[in-house]
Amino acid sequence: TGSIMSLSVLSTILFLCGVFYHSCLAETEIETTPNTIEKSIIESRGLPSAANWLSYSSAIDLAKSNGKPIMIFITKPWCGACKSLKSDIKHNEAAFLEAAAKLNIVTIEEDGETAFDVDKFSKDGSYIPRVFFLDPHKAEIDDSNLGPNDQYKRYFPSSQSLIAAMDKASSQWTTEKQDL
């Protein structure tokens, strides 16, 4: 009877250790997995779903740990210029994905997304599409990486101009991080 009781106690202890171990794994996975936007939403917006699109808050948190700058792409679903740029991005998807891999990227559709301070990203106008690059260390808007239009500074008319700005942002902060 004593050996059966010992075996029962041992089995219970092993079971509880297994439960504890798996709960620790689940907590770790939750903490380290960034809040990505569902692929179906990205596809409905006409953007490459192979890119790792993040929520705004996840991009801010992730930038602190990975040192990559943040790109915020603001559009509206009815906007013709937004649709044109998205189509051009899809046409140059491979180059876009290569540039996007060096950034924490966010897409915002201004008509209804919550937990996003649109006013912070309207300081030079609320035109669309708008693209902002944020310093990964301070999560502040960077004014050195602007589009080719002086009146609409955060407007990029083509995927080529956007990809060039993405490359500039990633190399700018990669260099700064190495200098630190």
Side-chain angles (χ1 to χ4, degrees), residues 26 28-122 125-136 139-142 145-149 152-174:
T28 302
E29 185 176 324
I30 290 169
E31 290 173 8
T32 59
T33 304
N35 186 6
T36 57
I37 300 174
E38 292 180 34
K39 292 197 182 294
S40 62
I41 293 172
I42 297 303
E43 289 167 357
S44 74
R45 293 180 182 177
L47 293 166
S49 61
N52 187 32
W53 296 95
L54 302 166
S55 69
Y56 176 69
S57 60
S58 288
I60 297 295
D61 291 341
L62 195 55
K64 292 174 187 172
S65 63
N66 69 14
K68 294 178 183 180
I70 302 161
M71 180 184 87
I72 301 176
F73 184 55
I74 302 173
T75 62
K76 291 192 180 192
W78 50 261
C79 166
C82 301
K83 289 177 184 179
S84 177
L85 181 55
K86 290 175 184 181
S87 175
D88 195 27
I89 288 169
K90 291 279 277 193
H91 180 72
N92 293 307
E93 188 167 343
F96 178 83
L97 292 174
E98 185 179 331
K102 302 171 197 165
L103 304 167
N104 297 301
I105 58 173
V106 176
T107 174
I108 300 292
E109 295 238 330
E110 275 190 306
D111 64 337
E113 292 203 17
T114 58
F116 182 74
D117 184 3
V118 175
D119 292 337
K120 177 179 180 179
F121 297 96
S122 300
S126 58
Y127 55 89
I128 48 175
R130 294 189 310 282
V131 178
F132 290 83
F133 294 95
L134 277 62
D135 179 319
E140 293 177 358
I141 296 172
D142 172 53
N145 199 2
L146 302 173
N149 187 315
Y152 304 108
K153 297 175 182 176
R154 301 182 193 286
Y155 170 72
F156 293 87
S158 68
S159 63
Q160 291 87 0
S161 62
L162 177 59
I163 291 166
M166 292 166 72
D167 287 338
K168 179 182 174 186
S170 66
S171 66
Q172 173 185 345
W173 280 295
T174 302

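In this chain, residues are counted from 1 in sequence order. The structure presented is a predicted model; accordingly, all values stated were derived computationally and were not measured.
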- Donor-acceptor contact below 3.5 Å, side chain K90 vs main chain G46: no
- Message: Measuring from atom CG of D61 to atom CG of N104, what distance do you get when rounded to the nearest 0.5 angstrom?
- Response: 10.0 Å
- Message: So Y127 and N149, do their side chains get closer than 4.5 Å, heavy atoms only?
- Response: no
- Query: Which pair of heavy atoms, one from K76 and one from E109, lies closest together, and at what distance?
  - Reply: C-OE1, 4.3 Å
- Query: Just wondering, more than 12 heavy atoms not from Q160 lying within 6.0 Å of its CD?
  - Reply: yes
- Message: Just verifying a value: how many Å separate T75 OG1 and L85 CG, rounded to the nearest 0.5 Å?
- Response: 9.0 Å
- Note on the structure: When every non-hydrogen atom of S55 is compared with those of V106, the smallest separation belongs to O-CG2, 3.9 Å
- For S49 and I42 the tightest heavy-atom approach is CA-CG2, 3.7 Å
- Message: Side chains of K83 and W78, heavy atoms from C-beta outward: is any pair under 4.5 Å?
- Response: no
- Message: Can you give me the closest heavy-atom contact between A59 and I70, atom names plus distance?
- Response: O-CD1, 3.7 Å
- Taking all atoms of both residues into account, what is the closest heavy-atom pair of F121 and R130, and its distance? O-NE, 2.9 Å
- Please name all residues satisfying salt bridge (charged side-chain N to carboxylate O under 4.0 Å, His left out) with D167, sequence neighbours left out, ordered by chain then number. K102
- Query: Do the side chain of K68 and the main chain of A101 share a donor and acceptor less than 3.5 angstrom apart?
  - Reply: yes
- Item | Spacing of CG belonging to L162 relative to CG belonging to N92, to within rounding of 0.5 Å | 10.5 Å
- Note on the structure: Between the CD1 atom in I105 and the CE atom in M166, the distance rounded to the nearest 0.5 Å is 6.0 Å
- So, the side chain of S44 versus the backbone of I41: is there a donor-acceptor pair under 3.5 Å, distance only? yes
- Item | Donor-acceptor pair, side chain of S161 and main chain of S158, under 3.5 angstrom | yes
- What distance separates K86 NZ from F73 CZ, expressed to the nearest 0.5 Å? 6.0 Å
- Can you measure from CZ (F96) to CD1 (I163) and round to the nearest 0.5 angstrom? 7.0 Å
- Query: If every non-hydrogen atom of M71 is compared with every non-hydrogen atom of L103, which pair is closest and at what distance?
  - Reply: CB-CD1, 4.1 Å
- Message: Quick check: do P129 and F156 have side-chain heavy atoms less than 4.5 Å from each other?
- Response: no
